[in-house]
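We count ligands from 1, going down the list as the structure has it; atoms in each ligand are counted the same way. Only a predicted model underlies this, so the values are computations on that prediction, with no experimental measurement involved.
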Amino acid sequence: MAYVYDDQNIFARILRGEIPNDTVLDTAHTLAFNDIAPQAPHHVLVIPKGRYVTFDHFASEASETEIVDFTRSVGRICAELGIAPGQGGEGYRLISNAGEAGVQEVPHYHMHILTGRPLGRMLKKAD
Ligand code: AMP
């Protein structure tokens with residue numbers, strides 16, 4: 001089954017410049033900006049500029065150039081925030097929600113970078 005991308009999703013609108021964003025990094029294939037409702041002192045969203053819905057969509061259909069650009073962008077942000085463990089940083093968590101079970105709100109692939117406080121265990125038992 002082909003992936004269906006909704007061009008009206010909020011991140012598509014950000015990429016078209018229709019909605020402002022608090023940019024952290026802007027490269028040829030990747031945009032990173034601060035989350036509008038941060039769940040930690042640092043909460044950055046990293047998105048590819050291409051039309052991908054989820055991580056699995058990006059992983060299977062993005063070009064190697066896009067994938068490298070995206071991955072290096074995450075690394076650059078970790079370095080710039082000074083959060084990389086082994087480099088004196090406190091650490092961080094990456095989260096990418098996908099689909100219904102993952103409770104994905106915005107259907108454009110994005111990686112959350114969270115840090116700046118103890119984040120607790122990865123998952124709590126579902127309610
Ligand atoms: P997810 O539940 O993984 O799809 O996460 C979507 C994230 O997008 C949430 O953390 C929202 O706070 C964030 N978000 C929604 N609209 C905006 C916006 N206009 N600018 C920045 N972040 C946003």
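- Every atom of ligand 1 with a heavy atom of Ala37 under 4.0 Å away is listed here by number and element: 12 (O).
- At a 4.0 Å heavy-atom cut-off, ligand 1 touches Phe11 through the side chain alone.
- Ring-centre distance between Tyr5 and His108: below the 6.0 Å cut-off.
- Of the listed residues (Leu94, Ile47, Asn97), just one forms a side-chain contact (heavy atoms from CB on, under 4.5 Å) with Met111, and that residue is Leu94.
- Counting only distance, with no hydrogens or angles, the side chain of Gln104 and the backbone of Val53 share a donor-acceptor pair below 3.5 Å.
- Within the 3.5 Å criterion, the main-chain N or O of His110 finds a donor-acceptor partner in the side chain of Ser96.
- Contacts of Gln39 with ligand 1, taken as heavy-atom pairs under 4.0 Å, are absent altogether.
- Atom 4 (O) of ligand 1 has as its closest protein heavy atom Glu105 N, 2.7 Å.
- Within the listing of ligand 1, atoms 8 (O), 13 (C), 22 (N) sit less than 4.0 angstrom from a heavy atom of Leu45.
- Ligand-side atoms of ligand 1 in range of Asn34: 21 (C), range being under 4.0 angstrom from any heavy atom.
- Each of the following atoms of ligand 1 lies closer than 4.0 Å to a heavy atom of Val103: 2 (O).
- Between the side chains of Tyr109 and Asp56, no donor-acceptor pair is found at a separation under 3.5 Å.
- More than 12 heavy atoms of other shown residues, nucleotides or ligands fall within 6.0 angstrom of atom CZ in Arg93.
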### Task
Would you check, one step at a time, whether the test ring pair (Phe, Tyr, Trp, His ring centres under 6.0 Å) holds for Tyr52 with Phe11?
CA-CA 11 Å; Tyr52 303 103; Phe11 294 169; over 10 Å; no

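- What sits closest to atom 13 (C) of ligand 1 on the protein, heavy atoms only, is Asp35 OD2, 3.3 Å.
- Judged by distance alone, the side chain of Ser60 and the main-chain N or O of His57 form a donor-acceptor pair under 3.5 Å.
- Applying the 4.0 Å criterion to heavy atoms of Gln104 picks out, from ligand 1, the atoms 4 (O).
- Residue contact check: Asn97 has heavy atoms under 4.0 Å from atoms 1 (P), 2 (O), 3 (O) of ligand 1.
- Of the protein's heavy atoms, Ile36 CG2, 3.6 Å lies nearest to atom 17 (C) of ligand 1.
- Among Ile47, Ile14, Asn9, the residue whose heavy atom lies nearest to atom 19 (N) of ligand 1 is Ile14.
- Looking at Ile19, Leu15, Ile36 one by one, the single match for side-chain contact (heavy atoms from CB on, under 4.5 Å) with Ile10 turns out to be Ile19.
- Taking a 4.0 Å cut-off on heavy atoms, Asn21 fails to register as neighbouring ligand 1.
- Here the protein heavy atom with the shortest distance to atom 1 (P) of ligand 1 is His110 NE2, 3.1 Å.
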